[in-house]
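Quick caveat: nothing in here was measured; it's all calculated off a predicted structure. Numbers here are sequence positions counted from 1.
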Amino acid sequence: MVGSPSALDFLGIDALLDDEERMVRDTVRAFVRDRVLPNISQWFESHTFPRELSRELGTLGVLGMHLQGYGCPGASAVSYGLACLELEAGDSGIRSFASVQGSLAMFAISRWGSDAQKDTWLPRMATGELIGCFGLTEPDFGSDPSGMRTSARRDGADWIIDGTKAWITNGGIADVAVVWAQTDEGIRGFLVPSTTKGFTAHAIERKMSLRASVTSELVFENCRIPGESAFPEVRGLRGPLACLNEARYGVLWGAMGAARSCYETALEYAKTRRQFGRPVAGFQLTQQKLVKMLLELNKGTLLALHIGRMKDDGNAHPAHISFGKLNNVREALEIAREARSVLGANGVTLEYPVIRHMNNLESVFTYEGTNEIHTLILGEAITGSNAFT
Ligand code: TGC
Ligand code: FAD
């Protein structure tokens, strides 16, 4: 007779991982338990990302974890995904820091940079000594970055950048910005050190979501950088969009971490909270909510693992990544909302992680391609018809 399934690993997904993957998961989970969970509600409340966490995440080995060489560990896609899940079980803002550093800024340099650019930036970004950000979005161009107005023009051997980027994670604490700009050869990528004259970053205040993450506006005014600061080969939107695949992949795992935290919190609460003389977990309507969470959490985690195995085999198409991002973030948000209701009034305080995850997931739902954009990417993949415009 097969034993009863565990409420915490109902489908036995743990058995689908190898020893190396379990080791990565357990190491990141322990870091989150010891370093993030005791502090996160305070960081969230005070709208703070503690800069020293960058080095600690570097030591943990999660910055540029899936990249090869230049001090990066070259971990598998599945191991990287598991690390994202565990970080986001702590807080989406902490996973965001690692995503932007590793999958956007470092990946861009690793994929599109010259050898000199890789030597200069990657080893010290892997340790967390240096922080990067990725500037694609602008105040008037979010879902449609093709219209960006930030421009770069040649002036002798140098480039001059002018324009504004908006909603840039890590912007105010970054040592280097990867900036995408229009040139007379199409969109190109540039590496702009934060000390460059004419470059300023302004914090976006009063966010009700991702409060343990720095989000900034970047302004470039007659900002002069040397000619070798441009990525040498890549032209056009495929430059930044290739980087988004990597970050979206981390998000599709990470969302299941936030969802797991919400499910486990709601389950525990429902078993101990008593109303009408019995635990609320005994009411059919509560069980329906918990079971809905159980189904979507397990399906989403299996989906993440499946896409991860496809990625490790070289078979993940960007549309597969959109499938995972769309489904898993949408379902994580639903799980967070259900969990919030199970906790009743206690669900609206930072004494429990649920409303923090719920608010964070509103940003995750919007960034890295909104729900609608991923719907249209999938719509085009199955019909062959582009419905963006
Ligand atoms: P389109 O004409 O379809 O494509 C232009 C060129 O790009 C290539 N391409 C891709 N390459 C690699 N990966 C992908 N996923 C790609 N998608 C397209 C394409 O083959 C083409 O190449 P080429 O060589 O033929 O020129 O472009 P479009 O202008 O129609 O736009 C398509 C659309 C709407 C899907 C795209 O613009 C899009 O994805 N928009 C959403 C923008 C977005 O996601 N922004 C995210 C900003 S970063 C962020 O949010 C960080 S949050 C912090 C965190 O991660 O924690
Ligand atoms: P818009 O594009 O204005 O969209 C508004 C609404 O219209 C959305 O619901 C959208 O889905 C819908 N819509 C748009 N086009 C269509 C269409 N064709 N059909 C149907 N519906 C459509 N960007 C970066 O470059 N780097 C970062 O590090 C970064 N970090 C971020 C951190 C946070 C906390 C947040 C909230 C955002 C961040 N972003 C970053 C920006 C993010 O990528 C954009 O917010 C996102 O791409 C959506 O753009 P937008 O907000 O301008 O919305």
Is a side-chain donor or acceptor of T164 paired with a backbone partner of V219 at a separation under 3.5 angstrom?
-> no
Does F323 share a hydrophobic cluster with L305, counting links as ILVMFWY side-chain heavy atoms below 4.5 Å and allowing steps through other members?
-> yes
Side-chain H-bond candidate by donor/acceptor type, S79 with S76, under 3.5 Å = yes
Under the 3.5 angstrom rule, does the side chain of H374 hit a backbone N or O of E368 as a donor-acceptor pair?
-> yes
Backbone of N346 reached by a side-chain donor or acceptor of T349 within 3.5 Å = yes
Return yes when atom CD of Q287 has more than 12 non-hydrogen atoms of other residues, nucleotides or ligands closer than 6.0 Å, and no otherwise.
-> yes
Can any side-chain N or O of D162 pair as donor or acceptor with the backbone N or O of N222 at less than 3.5 Å?
-> yes
Residue pair N328 / G300: nearest heavy atoms and the distance that separates them = ND2-O, 3.0 Å
Counting N and O atoms only, with roles assigned by atom type, does the side chain of T370 sit under 3.5 Å from a partner on the main chain of T366, one being a donor and the other an acceptor?
-> no
For F283, which fellow cluster members are found when Ile, Leu, Val, Met, Phe, Trp and Tyr are connected by side-chain heavy-atom distances below 4.5 angstrom, either directly or through intermediates?
-> F276, V280
Whether S103 side chain and V100 backbone form a donor-acceptor pair below 3.5 Å = no
When every non-hydrogen atom of A7 is compared with those of L294, the smallest separation belongs to O-CD1, 4.1 Å
Same cluster (ILVMFWY, side-chain, under 4.5 Å), L60 and I40 = yes
Backbone of G128 reached by a side-chain donor or acceptor of S54 within 3.5 Å | yes
Taking ILVMFWY side chains as joined if any heavy atoms are under 4.5 angstrom apart, and letting links pass through other members, which residues group with W159?
-> I161, I168, V179, F190, V192, F199, L218, F220, I225
Do the non-hydrogen side-chain atoms of L11 and P5 ever get within less than 4.5 Å of each other?
-> no
Would you confirm whether N170, through its side chain, and A174, through its main-chain N or O, come within 3.5 Å as a donor-acceptor pair?
-> no
Do you reckon V32 sits in the same ILVMFWY cluster as L297, going by side-chain contacts under 4.5 Å, direct or chained?
-> yes
Under the side-chain hydrogen bond (donor to acceptor under 3.5 Å, both in side chains) test, residues paired with N360 that sit two or more places apart | D91
Give, for atom CD of E380 and atom OG of S322, the distance between the pair rounded to the nearest 0.5 Å.
-> 10.5 Å
Taking all heavy atoms of Y249 and all of A77, pick out the closest pair and write down the distance.
-> OH-O, 2.8 Å
Residues in salt bridge (Lys or Arg N to Asp or Glu O under 4.0 Å) contact with E56, at least two apart in sequence or another chain = R35
Answer whether the closest heavy-atom distance between the side chains of H357 and T265 falls below 4.5 Å.
-> no
Name the orientation class of the two ring planes belonging to Y352 and Y269 (parallel below 30°, tilted from 30 to 60°, perpendicular beyond 60°).
-> perpendicular
Same apolar cluster: V62 and L252, side chain cutoff 4.5 Å = yes
Pair listing, ring pair (Phe, Tyr, Trp, His ring centres under 6.0 Å) test, anchored in residues 285-322, at least two apart = none
Which ring pair (Phe, Tyr, Trp, His ring centres under 6.0 Å) pairs, counting each pair once, include a residue from residues 38-59, with sequence neighbours left out?
-> F49-F97
side-chain hydrogen bond (donor to acceptor under 3.5 Å, both in side chains) partners of R111, counting only residues at least two apart = none
Is there a side-chain contact between L295 and K292 (heavy atoms, below 4.5 Å)?
-> no
Starting from the C-alpha separation in whole Å, work towards a yes-or-no answer on salt bridge (Lys or Arg N to Asp or Glu O under 4.0 Å) for K197 and E221.
-> CA-CA 8 Å; K197 193 160 171 269; E221 290 172 305; over 6 Å; no
Candidate list R356, R95, R260, R29, test salt bridge (charged side-chain N to carboxylate O under 4.0 Å, His left out), partner E88, passing option = R95
Are L136 and L244 side-chain neighbours, meaning at least one heavy-atom pair lies under 4.5 Å?
-> yes
Could you list the residues that satisfy salt bridge (Lys or Arg N to Asp or Glu O under 4.0 Å) with E129, not counting sequence neighbours?
-> R124
Test item: T48 side-chain N/O and P50 main-chain N/O as donor-acceptor pair under 3.5 Å = no
With rounding to the nearest 0.5 Å, note down the distance linking CD1 in I187 to OG in S146.
-> 6.5 Å
Distance-minimising heavy-atom pair for A83 and V28 = O-CG1, 3.7 Å
Any ion pair linking R25 and D14 (charged N to carboxylate O, less than 4.0 Å)?
-> yes
Salt bridge (Lys or Arg N to Asp or Glu O under 4.0 Å) involving D19 - partner list, sequence neighbours excluded | R22
Linking I/L/V/M/F/W/Y whenever any side-chain heavy atoms sit under 4.5 Å apart, do L85 and L210 land together?
-> no
Taken to the nearest 0.5 Å, the spacing of E338 CD from E331 CD works out to 10.5 Å
Salt-bridge present (R235, D184; N to O < 4.0 Å) | no
Out of curiosity, I335 CD1 to M256 CE, how far, rounded to the nearest 0.5 Å?
-> 5.0 Å
Do L104 and E246 come close enough that some side-chain heavy atom pair is under 4.5 Å?
-> no
Is there side-chain contact between T200 and H202, with heavy atoms separated by less than 4.5 Å?
-> yes
Run through the side-chain heavy atoms of Ile, Leu, Val, Met, Phe, Trp and Tyr, join any pair under 4.5 Å, and report what else lands in M208's cluster.
-> none
Is E21 salt-bridged to R309, cutoff N-O under 4.0 Å?
-> yes
If you link I, L, V, M, F, W and Y whenever their side-chain heavy atoms are under 4.5 Å apart, who else ends up in the same group as I204?
-> W167
Side-chain contact, heavy-atom cut-off 4.5 Å: L267 with Y263?
-> yes
Could I get the full list of salt bridge (Lys or Arg N to Asp or Glu O under 4.0 Å) partners for R330, not counting sequence neighbours?
-> none
Could you check if a side-chain atom of Y80 sits within less than 4.5 angstrom of a side-chain atom of W253, using non-hydrogen atoms only?
-> no
No-hydrogen, no-angle side-chain donor-acceptor test under 3.5 Å, S96 and Y367 | yes
Looking only at heavy atoms, what is the nearest atom pair of Q101 and L130, with distance?
-> NE2-O, 2.8 Å
For the pair R188 and E233, find out whether any cationic side-chain nitrogen is under 4.0 Å from an anionic carboxylate oxygen.
-> no
What are the two closest heavy atoms between A316 and I321, and how far apart are they?
-> CB-CD1, 4.4 Å
Going by an N to O cut-off under 4.0 Å, is there a salt bridge joining K165 and E217?
-> no
Polar side-chain atom of S209 near backbone of N359 as donor-acceptor pair, under 3.5 Å = yes
For F141 and W180, what are the C-alpha separation, side-chain angles and deciding distance, and is it a ring-ring contact (aromatic ring centres under 6.0 Å, His included)?
-> CA-CA 12 Å; F141 298 95; W180 300 94; over 10 Å; no
Distance col, row M125:CE vs K118:NZ, nearest 0.5 angstrom, shows 13.5 Å
For T215 and K207, test the side chains for any donor-to-acceptor distance below 3.5 angstrom and give the result as yes or no.
-> yes
